[in-house]
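All remarks here apply to the structure that follows.
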There are 2 protein chains.
Amino acid sequence: MVQRKRVTLRDLAEHLNINTSTVSRALSEKSSEMISPDVVKRVKKAALEMGYKQNAAAYALKMGSTKTIGMIIPDLMNPVFPPIIRGIQSVLDRYGYTAFLAYSENNEITAHTEVERLISRGVDGIIYAAAFRTDSVVDLCKSQGVPLVLVNRVVDQGDVDTVKVDDSLGIKMAVDHLLELGHRKIGFIAGPKNISVSYIRLRAFTQTMAEHDLEVEPHRIVEAHALSEDAGEKAMSVFLGQNSDATAIIASNDLIALGCYTALRQFGYTCPKRLSIVGFNNMPYLDWFATPLTTVSIPHFQMGERSAELLLKRIKSGNLDFNEEVLLKPKLVIRGSTAPVVRRKKKSDAS
Amino acid sequence: MVQRKRVTLRDLAEHLNINTSTVSRALSEKSSEMISPDVVKRVKKAALEMGYKQNAAAYALKMGSTKTIGMIIPDLMNPVFPPIIRGIQSVLDRYGYTAFLAYSENNEITAHTEVERLISRGVDGIIYAAAFRTDSVVDLCKSQGVPLVLVNRVVDQGDVDTVKVDDSLGIKMAVDHLLELGHRKIGFIAGPKNISVSYIRLRAFTQTMAEHDLEVEPHRIVEAHALSEDAGEKAMSVFLGQNSDATAIIASNDLIALGCYTALRQFGYTCPKRLSIVGFNNMPYLDWFATPLTTVSIPHFQMGERSAELLLKRIKSGNLDFNEEVLLKPKLVIRGSTAPVVRRKKKSDAS
DNA sequence: CTGAAAGCGCTAACAA
DNA sequence: TTGTTAGCGCTTTCAG
């Protein structure tokens, strides 16, 4: 039963005593109509029986299209990416495309290398969810003529197809929520500023505060060295050391917010009693948490879908001189980590 | 700057006025030594300058190896799979292999179809983390001569390379833990019995109980229709309806355990006060939960690594008539969802 | 409606 | 050490 060699078109042709080109045409949706129905039926039957599977490498070599695309994300462990990936694949599947998955590990060099590997694999396009504010990957794809779509990260260069959420709006909703709860002394735990979302969210924070005539003093803003739990914890420790009077903070993403929880506990504070926290992303399972995190929810799955649609459209058109921007709306999810500010009369709850 | 056509070996050869085969050899690690060092240097320089990237399709067609493998998992949303995938890729990367990711959605037909697609893509092997107890994918791979490794699921057929954890040991540790806490009336929320882990874990449960002379009555065992939160909730509702006196349950996996939390709350009960719960898998973020789940931890990342190593070994050897079984050890992680049994004197805590 | 033949880009056996 | 050539499996133009 073990057949080490795969069945080819020629095997089928010889078996049926017809030409390989006839077999090819009979099996192809778009050219089977130029073959007599009878032959088509016989070919399809034989193909099934003999277990014929098209050789993708040969097809790719001949046609110049592999029907594959590459996805690059920072890190699969960050729970926001699985739904994005599924969104991408759900539309890819409908068009017979398959995706390679690669990781930037939040490192531009790594990302560049991975993109080169993907190009060598002959991907028809790339979805890049890990771009830095200035990113050599953009130029690389341009110079190689490979369609590129950015997801949830933008690039200073401009001229790139992009699918993103309105981060500024998300932050505005978070700030407004805290203001309504009576908070005025609000801090921000930012992400690395070479990452576009970090930069944009921080800028939106200061802008929104300014619109409410609330000046943000520099010590109210601390930059974490990564968009991770660990980095969030370190940054929040610094923040608490110099902001004993703050009553709320916004974190650049959920993982940083979790780090803030940890730092808060180390200082003997509780959330939301002593300090309210808002995250960004709405990662899974937050509802189960001891302190369920209030956060800005973004449509992960839909982002994936839209980016795949955009990429396929670009691949089909072959026109790379044009670019498009898809903007999705975020939503505030209010949970237990935010509460009305309490006017502390005596010594507070710092037990 | 936009070069729609990629640079080929021939472009390089013509540019340097030498033969394509010379260029090929100069660029290949294993045959560059039969070319004069001077030429090698010139070729490499030109390749870099002109942005040459090997055409993977042509290589695959010529060599009969795509240097890709396929991974099939039930569902990316289940948080146990990301670390397994990363483990697989960490070893694949070292050998220049790339992976396709596909989903069975816990459906054997879907799995079969996806495997066919992967084979058509020419994958050199397949890692299958979604097998059912009897599974046509195994025969498919055998008949097509495609190396296959099973991860965390086994198959009744036998004769397949497998990487798994000692589920029976894990369940035994869970039972022992509950017994030590004084529980005797212990229930089990099983997964679908056509999935091997569900079957094995349930069997291990009844066996371990029997070894302690504790007979398990049938109504103490309820089968969820899937290894999911939702299915767990439904099953637990049934269980609670017919087991008002049980003091502890073991769930077939963490997601089912979460569903049990929900059902428990709907019945007005609390965990662990009224009922202790143990899960299986140790998914991420459990420490943050309002009721942190006691669970059996399995080495996800390592499972991925081992399965990739096994698959590459099998690909290299070309010998499919031999099979191996890697068995990994689980570990019990005790958290807040389990507590000593309390002798209820009056009306309990059913508030 | 079907066949013959070329060629996608690469590697390797064979020649020189 | 380098060149010549064939061919991997497929699609498609050009003939018939």
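Numbers restart at 1 for each chain; the letters A, B, ... are given by sequence-line order, proteins then strands.
A side-chain N or O of A/S65 and one of A/D124 form a donor-acceptor pair less than 3.5 Å apart. Donor-acceptor pairing under 3.5 Å is recorded for the side chains of B/Q89 and A/Y103.
Residues passing the side-chain contact (heavy atoms from CB on, under 4.5 Å) test with A/K62: none are found, sequence neighbours excluded. The side-chain contact (heavy atoms from CB on, under 4.5 Å) test applied to B/D93 returns A/R117, not counting sequence neighbours. Applying the side-chain contact (heavy atoms from CB on, under 4.5 Å) rule to B/E105 yields the partners A/R86, B/T110; only residues at least two apart in sequence or on another chain are considered. Contacts of B/L327 classified as side-chain contact (heavy atoms from CB on, under 4.5 Å), with partners at least two apart in sequence or in another chain: B/K164, B/D166. Taking the ring pair (Phe, Tyr, Trp, His ring centres under 6.0 Å) definition, one finds that A/F100 meets it with B/F100, sequence neighbours left out.
Residues of residues 13-44 of chain B having a heavy atom closer than 4.0 Å to DNA chain D, listed by number: B/I18, B/N19, B/S21, B/T22, B/R25, B/M34, B/I35, B/S36, B/V39. Within residues 61-70 of chain B, the residues approaching DNA chain D are B/L61, B/K62, by heavy-atom distance under 4.0 Å. Looking at residues 114-126 of chain A, you'll see that no heavy atom sits under 4.0 Å from any atom of DNA chain D.
One axis for each end of the helix from C/dC1-D/dG16 to C/dA16-D/dT1, each built from five base pairs, and the angle between them comes to 40° at 10° resolution.
Taking the 5' to 3' direction, DNA chain D first and last meets chain B under 4.0 angstrom from a heavy atom at D/dT1 to D/dG9. With a heavy-atom cut-off of 4.0 Å to chain A, the contacted part of DNA chain C has its first and last nucleotide at C/dC1 to C/dG9.
Taking CD from B/Q144 and CG from B/L118, the interatomic distance works out to 12.0 Å, rounded to the nearest 0.5 Å. Note that CE of B/M50 and OG1 of B/T8 are 8.0 Å apart. Values are rounded to the nearest 0.5 Å.
In this structure, the side chain of A/Q157 engages the main chain of A/D135 through a donor-acceptor pair within 3.5 Å. Side chain of B/S120 to main chain of A/K53: no donor-acceptor pair is present (N/O by atom type, distance under 3.5 Å, no hydrogens or angles). A distance-only check finds a donor-acceptor pair linking the side chain of A/S307 to the backbone of A/M303 [under 3.5 Å].
The side-chain heavy atoms of B/V115 and B/V146, taken from C-beta on, include no pair separated by under 4.5 Å. A heavy-atom distance below 4.5 Å is found between the side chains of B/L310 and B/R314.
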Under 3.5 Å donor-acceptor pairs involving side-chain atoms of residues 28-40 of chain A, not counting sequence neighbours:
| unit_1 | atom_1 | unit_2 | atom_2 | d |
| --- | --- | --- | --- | --- |
| A/S28 | OG | A/K30 | N | 3.4 |
| A/S28 | OG | A/S31 | OG | 3.3 |
| A/S31 | OG | A/R25 | O | 3.4 |
| A/S32 | OG | A/E29 | O | 3.4 |
| A/S36 | OG | A/V39 | N | 3.4 |

Run B/T98 and A/R121 through side chain to side chain donor-acceptor pair (under 3.5 Å) and show every step you take. CA-CA 9 Å; B/T98 311; A/R121 289 262 176 223; 3.0 Å; yes
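Electrostatic pairing of A/K45 and A/E49 counts as a salt bridge here, judged by a charged N lying under 4.0 Å from a carboxylate O.
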